[in-house]
Amino acid sequence: MVDYISGLNEPQREAVMHGNGPLMIIAGAGSGKTRVLTYRISYLIENGVDPFRILALTFTNKAAGEMRNRIEKVVGTEARNIWMGTFHSVFAKILRIEAKAIGYSSNFSIYDTDDSKSLLRSIIKEMALDDKIYRVNHVFGRISGAKNRLIGPDDYLNNPIIQADDESARMPHIGKIYKQYALRCFAANAMDFDDLLFNTNVLFRDHLDILNKYQHKFQHVMVDEFQDTNVSQYLITRKLAAVHENICVVGDDAQSIYAFRGANIENILNFQRDYGKENVKIVKLEQNYRSTKNIVEAANSIIARNKNQLEKHVFTDNEDGPLIEVIKASSDNEEGRLVASAIFETKMNESLPNNDFAILYRTNAQSRAFEEALRKMSIKYRIIGGLSFYQRKEIKDLIAYLRFTVNQQDEEAFKRIINLPKRGIGDTTVAKISVIAAEKEDSVWEIVAEINKHVTGRAALAIEAFADLIKSFKLLLDQKDAFEVASHIAKASGLLKELYEDKTVEGLARYENVQELLNAIKEFVDNPDNEEKSLGAFLQSVSLLTTADEKEDDGDNDKVTLMTIHAAKGLEFKNIHIVGMEEDLFPSQMMLESRNDLEEERRLFYVAITRAEKRLTMSYAETRYHYGRLKMCEPSRFLMEMDQRYLKLSKLRSAPSRMDFDKPERDRSESTSTGSMSFVRSLAQRTARTQNPQTAASHTPSPDFAPTSTAELAAGQRVEHAKFGFGTVKQVDINGTDRKATIQFETAGEKVLLLSFAKLRVVA
DNA sequence: GCAGCCTACATTTTT
DNA sequence: TGTAGGCTGC
């Protein structure tokens with residue numbers, strides 16, 4: 001037997017060896033949380049608990065998979081039998097088994113956010129509401145928030161406070177939209193992400209026999225990342241654990257970063273209340289094994305500013321390590337170059353692999369400058385998140401076919417594929433079918449079956465042909481595995497053919513992506529871990545993937561990782577760059593405007609800092625292109641908030657900052673130029689010159705072409721455009737946010753241009 | 001019904 | 001800056 005107990009510290013051991021009864025582990029960053037959780041599960045199994053009777057809920061499928069592997073190393077193959085996965089995937093599984101009880105059939109579809117929003121868009125249109133007032137994002141947010149607090153459509157309509165809220169926001173009909181949305185999802189035999197939790201609650205509330213079955217089945221319930229669970233999730237676990245009361249939650253209130261989607265830190269307080277203070281065992285893991293002292297203490301200096309938090313003191317016995325470096329760049333592109341050179345330099349000096357580095361940013365849109373800079377320096381990188389494989393049009397198209405083949409009630413899939421490839425069924429006809437279906441509270445498929453009652457002529461024939469096609473696919477479901485069905489559908493639907501005939505570069509890439517999807521299905525079928533190999537099983541696994549779950553595009557793991565801070569939760573890297581440290585960007589202006597929760601932004605910063613093991617670098621830019629507009633930026637208040645003793649302003653890589661770092665004199669004297677610096681600087685200059693190679697279309701811009709702000713652009717001015725060359729401004733029109741200029745070019749004639757700063761420069 | 005142009009518009013994080 | 005949705009002309 002593996003001796004894993006002796007290597008643990010005292011609180012870790014307590015947590016691992018705690019037997020029955022509620023247990024709450026408050027685990028500071030880097031305190032060995034995953035280790036404790038895996039050992040605890042191993043310990044339970046070794047002490048006679050049947051793995052089938054352990055339910056472990058994690059935040060991502062990847063976390064679940066890793067934990068399973070680690071447990072397997074201790075207890076062997078038995079680990080495979082543990083019920084482990086994300087809330088959404090585990091309860092989707094249970095809902096499939098018990099679907100009948102709540103009026104669904106087990107082949108229900110899972111609507112992703114795009115499907116939900118598209119359905120809402122149709123409903124708002126059908127109800128003749130103004131989509132400028134009823135903005136889809138807002139409506140969706142309201143509905144999602146309600147579901148996460150277990151407020152169904154009728155409760156929503158009958159709740160005077162909610163109604164008053166909507167009235168004052170001048171959107172009194174959100175309740176009606178919600179109701180219609182719920183009806184349509186139900187008619188479509190579809191659940192959105194929130195429904196997977198909401199309906200599990202309904203299932204357990206209305207069917208005590210079913211609840212009872214699972215209550216007895218699960219002898220132990222574990223919840224990882226407890227701080228990020230919402231009320232709906234918490235209630236499910238509470239119900240499931242009500243019989244044995246063997247519930248173990250692990251979390252860190254300081255790392256709660258999902259309040260925006262309903263996560264509720266109060267769950268941590270409720271936990272004690274619900275199980276009785278005297279019954280709950282609380283273990284605090286406060287020793288950090290991951291990071292240097294400087295990093296741990298700098299992180300502490302940030303989080304100490306938050307008022308709402310549990311008492312806890314994270315400390316480390318690790319060495320001090322280097323100070324945290326701050327880089328100032330003049331623009332977002334320069335920030336990209338400086339960060340890429342810094343990575344290059346560290347990598348060379350210390351002979352480190354690429355995968356020791358990560359670049360963390362607040363928003364996905366920030367990745368561009370870093371991608372460019374890394375590419376130019378031939379440093380391999382990968383991006384987590386952003387537009388993922390499964391969000392690509394061609395992939396969603398095929399998946400919609402697969403979904404509709406499995407579940408013909410799926411209205412959103414229907415709308416996507418009914419006229420794809422083009423078969424002469426226009427928007428008018430599709431909208432008509434939707435409306436009739438909604439009126440009769442039937443699914444679209446029922447209407448399609450009797451299409452001749454509603455539609456005549458060419459469209460009717462086309463729809464009949466479509467229905468026959470789907471029926472022919474459906475026949476295959478019981479005879480063939482997911483891969484065979486999917487390949488047949490890709491060919492017979494005409495999707496592959498259409499892409500194959502598109503010989504453009506993009507068309508080729510799309511064709512390959514579809515092949516790649518088919519490969520993924522093949523892998524799914526061939527994977528012995530998957531008990532069920534049906535198309536439905538594959539679709540479920542795919543629709544609940546998280547961004548962190550995306551598989552490597554190739555076998556090469558030695559890459560710099562670029563991702564949002566949210567995506568970095570639970571990961572660690574030797575060297576971390578936190579970039580875009582500017583006011584309004586991080587902390588995000590949006591967040592401050594909409595929810596005014598500076599503390600959550602600060603926790604996010606805390607998460608980012610504590611990902612670093614050895615070296616942490618932060619950077620900010622003084623100017624940034626924001627939706628094509630040049631924006632002046634101030635350094636983030638978070639830079640000021642951090643205890644300045646841990647910071648080192650990098651004068652090596654930029655001009656002196658206006659920021660007053662108030663540093664001790666000895667630190668300043670260190671910041672003089674070095675040999676490696678001149679290397680970095682020349683590298684930075686070299687990459688600067690090779691920028692924008694694609695602008696040479698019909699005009700070669702002047703060698704020093706650098707876009708200037710066109711804010712002061714006026715008639716009569718002489719300008720240079722990156723593509724059209726030199727010219728004179730004839731007229732400038734400002735209309736709302738759009739700025740247009742009529743310019744007479746010397747060689748390209750007169751043009752009216754939507755002003756794009758990146759391409760235009762005022763000639764002095 | 002469809003393609004292509006134009007215009008207006010929205011920009012946080014993700015199961 | 002990108003893109004989604006509207007509009008126009010076939």
Side-chain angles (χ1 to χ4, degrees), chain A residues 57-61 63 85-92 110-114 116-118 121 125 131-132 135-138 140-141 144 147-148 191-197 225 228-230 232-233 256-263 332 360-366 368 384-388 391 393 419 422-430 457-459 462 543-549 563-569 580 584-595 597 600-601 603-604 607-608 624-631 735-738 740 752 754-759:
Chain A
L57 299 163
T58 60
F59 204 72
T60 62
N61 298 298
T86 63
F87 271 93
H88 290 84
S89 65
V90 167
F91 295 113
I110 296 172
Y111 276 180
D112 67 14
T113 310
D114 284 344
S116 300
K117 287 183 180 170
S118 147
R121 208 166 283 127
K125 210 173 220 168
D131 60 5
K132 298 244 161 51
R135 297 228 245 88
V136 173
N137 282 325
H138 184 261
F140 179 70
S144 171
K147 279 187 193 164
N148 285 328
M191 299 192 197
D192 67 18
F193 290 135
D194 300 316
D195 286 333
L196 293 174
L197 306 172
E225 308 281 12
D228 289 323
T229 54
N230 60 36
S232 177
Q233 291 166 320
S256 160
I257 55 174
Y258 282 98
F260 73 90
R261 72 171 201 229
D332 48 357
L360 308 184
Y361 35 73
R362 181 63 176 78
T363 71
N364 278 310
Q366 286 166 254
R368 205 211 75 250
I384 302 211
L387 186 66
S388 76
Q391 286 172 314
K393 182 185 177 300
N419 199 26
K422 303 253 173 296
R423 45 171 80 85
I425 305 166
D427 295 344
T428 333
T429 314
V430 177
R458 208 184 299 175
S543 52
L544 295 174
L545 282 183
T546 72
T547 48
D549 293 327
M563 64 189 146
T564 62
I565 302 170
H566 282 88
K569 196 178 67 158
D584 294 345
L585 188 56
F586 189 28
S588 139
Q589 184 182 21
M590 283 281 146
M591 160 67 115
L592 295 187
E593 275 168 13
S594 63
R595 297 197 307 110
D597 192 347
E600 177 156 321
E601 290 289 293
R603 290 192 295 267
L604 196 54
V607 168
R624 178 175 294 281
Y625 280 101
H626 213 48
Y627 319 124
R629 208 154 289 257
L630 194 67
K631 189 182 152 224
N735 178 11
T737 59
D738 290 315
K740 264 186 272 185
V752 180
L754 205 64
L755 288 192
S756 152
F757 300 103
K759 297 203 182 85

Atom pair distance, as rounded to whole Å: [atom1] in [X] and [atom2] in [N]:
X	N	atom1	atom2	answer
A:Asn419	B:dG1	CG	C1'	8 Å
A:Asp228	B:dT13	CG	C1'	11 Å
A:Ile110	B:dT15	CD1	C1'	10 Å
A:Asn137	B:dT13	CG	P	12 Å
A:Glu225	B:dT14	CD	P	14 Å
A:Asn364	B:dT13	CG	C1'	8 Å
A:Tyr625	B:dT11	OH	C1'	18 Å
A:Arg423	B:dC2	CZ	C1'	16 Å

Could you check whether [X] gets within reach of a base, just the sugar-phosphate, or nothing at all, counting any heavy atom under 4.0 Å?
X	result
A:Phe87	nothing
A:Asp194	nothing
A:Asp112	nothing
A:Thr428	sugar-phosphate

Okay, side chain of [X], backbone of [Y]: is any donor-acceptor separation there less than 3.5 Å?
X	Y	value
A:Arg603	A:Ser256	yes
A:Asp194	A:Asn148	no
A:Gln233	A:Phe87	no
A:Asp195	A:Tyr111	no

Residue [X], side-chain atoms from C-beta onward, closest of [options]:
X	options	value
A:Thr363	B:dT14, B:dT15, B:dT12	B:dT12
A:Met591	B:dT15, B:dT14, B:dT12	B:dT12
A:Ser588	B:dT12, B:dA10, B:dT13	B:dT12
A:His566	B:dT14, B:dT11, B:dT15	B:dT14
A:Arg135	B:dT15, B:dA10, B:dT12	B:dA10
A:Arg362	B:dT13, B:dA10, B:dA3	B:dT13
A:Thr429	B:dG1, B:dT13, B:dA10	B:dG1

Which comes earlier along DNA chain B counting from the 5' end, the contact point of A:Gly424 or that of A:Lys117, where each point is its nearest nucleotide? A:Gly424

Need to verify one output field. Residue with the more 5' nearest nucleotide on DNA chain B, A:Lys422 or A:Glu601? A:Lys422

Minimum side-chain heavy-atom gap A:Phe59-A:Thr86 below 4.5 Å: no

Pairwise side-chain contact, A:Val430 with A:Asn419, heavy-atom cut-off 4.5 Å (strictly under): no

Name the orientation class of the two ring planes belonging to A:Phe193 and A:His88 (parallel below 30°, tilted from 30 to 60°, perpendicular beyond 60°). perpendicular

How long is the gap from CD1 on A:Ile565 to OG1 on A:Thr363, to the nearest 0.5 Å? 10.0 Å

How does each nucleotide of nucleotides 5-10 of chain C score, in 5' to 3' order, for protein heavy atoms under 4.0 Å: base (B), sugar-phosphate only (S), or none (-)? S-----

Output yes if the stacking criterion (under 5.5 Å between centres, under 30° between planes) is met for A:Phe260 over the base of B:dT13, else no. yes

Separation of the P atoms in B:dT13 and C:dA4, to the nearest angstrom: 16 Å

Quiz item: A:Thr113 side-chain donor-acceptor pair to B:dT15 base, under 3.5 Å: yes

Quick check on ring-ring contact (aromatic ring centres under 6.0 Å, His included): which of A:Phe260, A:Phe586, A:Tyr361 does A:His566 satisfy it with? A:Phe260

